[in-house]
Enquirer: 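The structure under discussion is supplied below as structure tokens; questions concerning it will follow.
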Amino acid sequence: MNLLDSLDLTKGDILKIFDIADRIEKGERFSLKKHPILVLYFEKPSTRTRIAFESAITELGGNAIFIDEKTTQRTRGETLSDIAKILSGYSDFIAARLYKHKDLLEIAKNSSVPVINALDDLEHPTQALADVYTIRNHRKNLSKTSVAFVGDIATNTANSLMTVFSRFGGPFTLIGPKSVNPNATYVNKAREYCKVSVTDDIEDGLEDVDVVYTDTYVSMGEELEAEQRRKLFAPYQVNSAMLKYAKKDAIVMHCLMAHRGEEITGEVIDGPKSVVWEQARNKKLLNKAILIYLSQSEDDHLE
Ligand code: CP
């Protein structure tokens, strides 16, 4: 079993992963079947996801091997299908951070071990699991919780967060410029489970919202359009004035890395409504739970 798309996750899968995370938090010890090796194959930089996975597998009794794509024979034309066959021959899991989702599917097709999406152009499912777990820590009943994603509503983070959160039925709002269209596939799929609204009106969009979520305006690979994007999204900066439209006790989230003064002010990200450090810490916990869940699913498959 792989974790490639948030779209593949049922509410049952998510609850099982959350249950493993809860049990780890209560001190239950899980060990994987044998000394497991996790290969991290990354084309893009990472501060959190890489280290969260490396520390997770280490605490589960295994080892991580990190490979920056630039140091592999990929730079001299080796195919991803060959690389996937080789890496899966040496390891028990592969976590890949890639520019293109289709390349992740190519790795998964040629891997003999579970493949995990550690971010690509369409998805960031491990982030979304940590995010929704964090929201659940603050709002027990997710079906009565409303989330607004503010800013660049066409991102991988928005797609995965909307999809995972939708499984619990609470309303989800995408607030961003009129000229930016969210991914229709993800919006339509989420609408099978919850109400999804799309608006450019900040005041309307934030009415009665429990969770205000934002992300960088310039995702990895979009650096050439940086100035243009900063201008486009500037009115959607999450700041104290904007938060007056949300519920009084609303929490603020950001998947990080943050650009203080751009998508969010320092006053907000470092202020009392922010749960971003807890959110980032939960990435290690949820990555552990994902590794355990995938290895249990592999065992079930073999039985
Ligand atoms: N949130 C996140 O994926 O962080 P990194 O890019 O640092 O891994």
Side-chain angles (χ1 to χ4, degrees), residues 3-6 9 17 21 38-59 64-70 93-101 103-104 107 115-135 137 147 149-165 186 211-223 226 229 233 238 251-260 262-264 268-270 274-291:
L3 175 52
L4 305 177
D5 288 289
S6 58
L9 291 168
I17 293 168
L38 165 66
V39 166
L40 295 149
Y41 180 85
F42 277 37
E43 292 179 345
K44 300 179 178 188
S46 169
T47 304
R48 280 145 291 274
T49 310
R50 171 184 174 176
I51 307 303
F53 266 117
E54 290 194 6
S55 49
I57 194 80
T58 306
E59 287 184 9
I65 301 173
F66 177 81
I67 322 167
D68 177 346
E69 173 258 356
K70 290 183 203 71
F93 306 94
I94 298 172
R97 170 167 284 201
L98 306 173
Y99 283 97
K100 296 184 188 133
H101 190 68
D103 287 345
L104 183 80
I107 290 180
V115 175
I116 301 166
N117 184 344
L119 180 144
D120 61 29
D121 55 340
L122 276 184
E123 286 261 7
H124 200 357
T126 65
Q127 179 70 47
L129 287 165
D131 294 343
V132 177
Y133 185 85
T134 306
I135 295 170
N137 285 346
V147 174
F149 191 102
V150 185
D152 184 0
I153 55 179
T155 59
N156 44 16
T157 306
N159 292 342
S160 296
L161 177 68
M162 173 169 50
T163 305
V164 173
F165 185 74
Y186 284 87
V211 180
V212 180
Y213 196 116
T214 191
D215 193 5
T216 177
Y217 299 155
V218 187
S219 293
M220 288 177 274
E222 295 172 340
E223 289 78 7
R229 296 178 68 82
F233 293 112
V238 174
I251 57 171
V252 173
M253 301 181 76
H254 189 309
C255 87
L256 302 177
M257 67 166 285
H259 300 81
R260 288 173 176 75
E262 290 187 18
E263 73 276 6
I264 193 162
V268 168
I269 197 169
D270 299 314
S274 168
V275 298
V276 301
W277 312 117
E278 174 192 346
Q279 182 187 357
R281 266 197 314 277
N282 280 338
K283 281 175 70 84
K284 179 171 93 172
L285 174 64
L286 269 292
N287 286 354
K288 268 191 200 172
I290 290 163
L291 292 168

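In this text, all values refer to a predicted model and were calculated from it rather than measured experimentally. Order of appearance sets the numbers: ligands from 1, and atoms from 1 within every ligand. Note: hydrogens, waters and symmetry copies are ignored here, and every other heavy atom, side chains too, is used.
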Enquirer: Can you name the residues that come within less than 4.0 Å of ligand 1, going by heavy atoms only?
Expert: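 Within 4.0 Å of ligand 1, the protein residues are Ser46, Thr47, Arg48, Thr49, Arg97, His124, Gln127, Cys255, Leu256, Lys283.
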
Enquirer: Side chains of Arg48 and Gln127: closer than 4.5 Å at any heavy-atom pair?
Expert: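 Not touching, per the 4.5 Å side-chain cut-off.
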
Enquirer: Quick one: do Arg97 and Glu43 make a salt bridge, cutoff under 4.0 Å?
Expert: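 Result for this pair is no, no salt bridge flagged.
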
Enquirer: Does a side-chain N-to-carboxylate-O contact under 4.0 Å join Asp120 and Lys44?
Expert: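 No salt bridge links Asp120 with Lys44.
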
Enquirer: Taking all heavy atoms of Ile290 and all of Leu129, pick out the closest pair and write down the distance.
Expert: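 That would be CD1-CD1, 3.7 Å.
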
Enquirer: Could you work out, with side chain to side chain donor-acceptor pair (under 3.5 Å) as the rule, every residue matching Thr157, not counting sequence neighbours?
Expert: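 Asp215.
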
Enquirer: Between Phe42 and Phe66, how do the two ring planes meet: parallel, tilted or perpendicular, split at 30° and 60°?
Expert: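 Correct class here is perpendicular.
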
